[in-house]
*Asks:* 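Questions regarding the structure given below will be posed in turn.
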Number of protein chains: 4
Amino acid sequence: MIDFRSDNTHGASPEVIDALARASVGTSSSYGEDRLTDRVRERCNSLFEREVDIVPVLTGTSGNALAIASMTPPWGTVFCHAHAHIHRDELGAPEFFSGGAKLFPIAGHNGKLAPAEVTRVIGEVGREGRTGRPSCVSITQATEEGTVYTVDEITRLSEVAHRVGGRVHMDGARFANAVAASGESPAALTWRAGVDMLVFGATKNGVLVAEMLVVFDHSLLDELTTRWVRAGHRLSKMRFLSAQLDTYLADDLWLRNARHANAMAARLASGLDAEILRPVDANIVFARIAPERARTIREKGFDFYDWPLFGEGAVRLVCGFSTTERDVDALLAAIREAQ
Amino acid sequence: MIDFRSDNTHGASPEVIDALARASVGTSSSYGEDRLTDRVRERCNSLFEREVDIVPVLTGTSGNALAIASMTPPWGTVFCHAHAHIHRDELGAPEFFSGGAKLFPIAGHNGKLAPAEVTRVIGEVGREGRTGRPSCVSITQATEEGTVYTVDEITRLSEVAHRVGGRVHMDGARFANAVAASGESPAALTWRAGVDMLVFGATKNGVLVAEMLVVFDHSLLDELTTRWVRAGHRLSKMRFLSAQLDTYLADDLWLRNARHANAMAARLASGLDAEILRPVDANIVFARIAPERARTIREKGFDFYDWPLFGEGAVRLVCGFSTTERDVDALLAAIREAQ
Amino acid sequence: MIDFRSDNTHGASPEVIDALARASVGTSSSYGEDRLTDRVRERCNSLFEREVDIVPVLTGTSGNALAIASMTPPWGTVFCHAHAHIHRDELGAPEFFSGGAKLFPIAGHNGKLAPAEVTRVIGEVGREGRTGRPSCVSITQATEEGTVYTVDEITRLSEVAHRVGGRVHMDGARFANAVAASGESPAALTWRAGVDMLVFGATKNGVLVAEMLVVFDHSLLDELTTRWVRAGHRLSKMRFLSAQLDTYLADDLWLRNARHANAMAARLASGLDAEILRPVDANIVFARIAPERARTIREKGFDFYDWPLFGEGAVRLVCGFSTTERDVDALLAAIREAQ
Amino acid sequence: MIDFRSDNTHGASPEVIDALARASVGTSSSYGEDRLTDRVRERCNSLFEREVDIVPVLTGTSGNALAIASMTPPWGTVFCHAHAHIHRDELGAPEFFSGGAKLFPIAGHNGKLAPAEVTRVIGEVGREGRTGRPSCVSITQATEEGTVYTVDEITRLSEVAHRVGGRVHMDGARFANAVAASGESPAALTWRAGVDMLVFGATKNGVLVAEMLVVFDHSLLDELTTRWVRAGHRLSKMRFLSAQLDTYLADDLWLRNARHANAMAARLASGLDAEILRPVDANIVFARIAPERARTIREKGFDFYDWPLFGEGAVRLVCGFSTTERDVDALLAAIREAQ
């Protein structure tokens, strides 16, 4: 089976396994007091061109929920895209971690929040102070619809949030793909554009299991790490998380893997004999393929998800770091033949 | 440095790394819909001599808190030993996950809860129904004090819990050590003695990072897995957790590692030129070593924790799966010489 | 000043004060074990034409939040109108009491939920089970827009909820006004139409401070009362709440007060020299009165709230149980003159 | 029946009913924007000899839980007496409101916390930071055992709390009785002795239903009032709560009622033909009366609670503001005769 279901069906880069093997020899201090965790922090300082705090986690859901909870009180309101993963795919994790904050889903073209619409909704919600306190704007980069925010778009959303005393969270499950797609630096796409906290994904892009909270406002760290421990997300043998992240950041593995996945999606889009439903900025192609045709393609050994949210016949085709040109070309051929 | 600080400072058995390397090739279904996760379930069915449900997690804290939250309402009361990890070392994780349940710490000799005392406290707390609803008795096996409950002790505690409609949680961070020490079967020490849910530890005993909730009452599964997802503890690439657990259970690696660690602790205890403060049932030795003497030993390249809870000069010496006879003998010699 | 700001600015019917005076003599059992509380229960059985459970509370917010929390798990999803009080005016009380449930606001004409739209949203949210579990549909009767649901409308919404295993909550802050307006019986508007729990308002309609949860599904009572105690909403001297409710239900005070308030609103609407923005089913008139004109009216000694949610120049005029024909006629004259 | 069960079985002083009757005429602004609420604030400023913030509530449980939640994070630890109402009689309200804080019950003679023991427990709990963050010491004044803390005792407990960055909460359900008993000023017993927030009880001492949070640290007000609204404890028709509190504070009604209740308890204690189990500082007498004898007394028309917590045959006899000398003398006679 050739797999276009998700980037989380892919395995891990061999370098990552090697790093784990090295880290598993001998004993080491627990709870992050180890050399590898220190090195991840240093690599992030360098990558983001400033001092940052990092908190390694194991899932995007926990990273997002911890970030939001540390930036919003129980009576806070969080503004996000109507299709945002934090709202639609995490079974209420942000509500759980924050003690009951309220998520306000906002519609937006191509998976992006529009600053004017966010301003309008915040204004309406915040007017009398009876609904909640505007506390966070959450941006997904790359978006759930496979598009990538520009630096200017992020900057304007951050301004909207900061104007009402709110914070900016970036769900970067596919942050590497966004960096690769935009050609912008990690710094430009985050803190320089006003982002307060980033969940920097790695799981979908070549490691076994690892994500990393990157904190740009040091004053948030104490509460964040307290919540992290209390939620059972701090590993005693942290070095095994750090070993993965260290390898991910070394020699630009994160960027190389993302560039490759993006290139595969571009190749797929450019050869596709079907309607493309969203701009292909990163590593995902949404297309319309009639159910009968899709069945034929699946019978030939390909797999991918239907995406009814985008209308009848919509499917999602995801390229991962281990998708090959051969995989893409085979799919393109199968689609053509299934006409 | 020779390390007796904790079993979580040790690395991983080489078989576990090999399994991860194998699992990282190609793509695989996400969220536990994979072959390795199925096999872990089958191995557990066989090991526990009945059908069980399993839920893999990454930390003991999350396992304990999820288990307790799925068995106790927000207004429940949980009865545990005064030194229990869930009460003293998890920053309130059970309270967080359960939505505010109340933990009742109960003193007990050698780290064990005594059924009569638990009965008395539950009676007092439950009398008027104004404090909370007795919902759970939590047993640590092996205990925080390095001792191991007998089947009979567990059975009697379970009866106390069940008599008031409560459940029994077992924190088995060192369950393998308890099985190795007691010579009892996993079934005898758990469901046959009335345990409703076990957190079966692996992290401290030879894998990278993995624990496993073993559920003996199927009716608890739906709420448990819902909480697990909502807390961000379900891995998308679950197979990397399952690969570790599969290897852990295959060929009795879990039991061999635990037997070895226990044997090292026994060797240490039997040769120790110092007062031993608790029975050495499993892999931990608590001893009294005067601060000056301890300093000398540390200067010779050994490390271990002071344990002020057990009085002046108390230290904790932990043997792990990778502790060698040579390590133990070197420590024994250092202790003698530091006289 | 003649007051059209809200029905909660009005005082209490004299009968209610008399009842409190009688109840304050001597001693009486606490926590609801008193004769008055029993009598309220009996009156409700009779009024609702079946056995019901009742739980007296002091605010609509606590009544709504307790009702919802007892019918929805922390991972539940609650579907309500976009302008619902529970979503927009209670600072997240339902989220707090439920432990983080998710409210899904749904737009609807004249303040009413449309069954087809609720079906659509539940379908989308519930499809993959990754967002939450559909657990409750909340209906406001009379609505925030001053309209009243028909029995048929309620029945169809209940069917939508029950079809997915959800429950039906009715926020009846102005339930008396809805009964008075519709000519339907309390039974017809609630349990016969599928409602599981009603918050029967009294505060806005002639008592000092009192509301009442009316529970039609006895299996919900245990959790509901536990939550009620735990939230500090059970009064030790409950008889002072029950004395009010007893008087409210005796001799149809609740219905007479509501009929009067509705009649005053009808009188106001029929004589109004301004655009009326919503159907005037109950005791509230929404009208468009230009800001300059509104200022003139206020200067003549009337008060009422602007209602920007309904567009420029929108105002809300509320009649209470103590609004007189003279008050209404004076306002009508002032509006005409302010032309 | 002559009632010694609790002070919450008593009714209300006639002045309070009169005040409610006056307040129920006409309309008034909602949510505390009224003249009566202002006047309560002014009376408190004068009574406490400084500017204070006040938040009226309806139950002691909600007052305590709101106070504690506004002074302790979800991961905070609260230190209180083992018999404290907040720990034993509120069904986990502090845990619910705080989002899962941990209460540490501490044994203490005559219902009082001893500073040295509190220091010891905080030291043990706080040592490694793995249990929670010491955030609050809670003092009950008068205590659950009918005793009254001295100014010096409160001062020393406050020092213990403040030394670790914690706050001091005073559960003053019987604060009036403590003031009457000690002859100290309200200021001396609270903020001058380091108390950060007081729940000033009125329900048990002559009003219908009302308590009042008195806040000595203004920085706590914003979070406190937010939590108050979110928990459904802010009344729309606040003036009916304020009318009671206004009357309670005017002409020292609060103090006169408490002095009377205390005097009745003293009269009871001094004439009692039975073992007295605790010092009778305020309005409660704990005595040992054998079950047979107690039954005889009850058959003569008296009622009171058994108090098994204080040993076999222990009973609690509570005098309220409406207990008369005749009631007391009749009970004394009945006890003598029941010999």
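These figures come from a predicted structure and were not determined experimentally.
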*Asks:* To the nearest 0.5 Å, what is the distance between CG (Leu91(A)) and CH2 (Trp228(B))?
*Replies:* 12.0 Å
*Asks:* Taking side chain as everything from C-beta outward and backbone as N, CA, C, O, which of these in Phe97(B) sits under 4.5 Å from a heavy atom of chain A? Side chain, backbone, both or neither.
*Replies:*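 Both backbone and side chain.
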*Asks:* Could you walk me through whether Ser29(B) and Thr9(A) pass the side-chain contact (heavy atoms from CB on, under 4.5 Å) check?
*Replies:* CA-CA 6 Å; Ser29(B) 291; Thr9(A) 63; 6.0 Å; no
*Asks:* What's the shortest heavy-atom distance between Gly232(A) and Ser62(B), and which atoms?
*Replies:* O-CB, 3.9 Å
*Asks:* Who wins among Asp34(B), Val16(B), Leu66(B), Leu20(B) for the most heavy-atom pairs under 4.5 Å with chain A?
*Replies:*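 Most heavy-atom pairs within the cutoff with chain A belong to Leu20(B).
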*Asks:* For Arg239(B), which atoms come within 4.5 Å of any heavy atom of chain A: side chain, backbone, both, or neither?
*Replies:*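 Interface part for Arg239(B): side chain.
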*Asks:* Is there a donor-acceptor pair closer than 3.5 Å between any side-chain N or O of His233(B) and the backbone N or O of Ala231(A)?
*Replies:*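 Side chain of His233(B) to backbone of Ala231(A): a pair is present.
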*Asks:* Is it the side chain or the backbone of Ser6(B) that comes within 4.5 Å of chain A heavy atoms, both, or neither?
*Replies:* neither
*Asks:* Among the options Asp303(A), Leu208(A), Ile17(A), pick out the one with the most heavy-atom pairs lying under 4.5 Å from chain B.
*Replies:*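 Going by pairs under 4.5 Å, I would pick Leu208(A).
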*Asks:* Flag the one option from Val229(A), Thr203(A), Thr226(A) with the top tally of heavy-atom pairs under 4.5 Å to chain B.
*Replies:* Thr203(A)
*Asks:* Looking only at atom types and distance, does a side-chain atom of Lys237(B) sit under 3.5 Å from a main-chain N or O of Ala12(A), one as donor and one as acceptor?
*Replies:*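 Side chain of Lys237(B) to backbone of Ala12(A): no pair is present.
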*Asks:* Given side-chain contact (heavy atoms from CB on, under 4.5 Å), test Thr59(B) with Ser236(A) step by step and report yes or no.
*Replies:* CA-CA 8 Å; Thr59(B) 62; Ser236(A) 58; over 6 Å; no
*Asks:* With no hydrogens and no angle check, do the side chains of Thr61(B) and Arg230(A) hold a donor and an acceptor under 3.5 Å apart?
*Replies:* no
*Asks:* Tell me, out of Arg5(B), Glu90(B), Glu95(B), who's got the most heavy-atom pairs with chain A below 4.5 Å.
*Replies:*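 The option with the most such pairs is Arg5(B).
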*Asks:* For the candidates Val25(A), Val57(A), Leu58(A), which exhibits the highest count of non-hydrogen atom pairs separated by less than 4.5 Å from chain B?
*Replies:* Leu58(A)
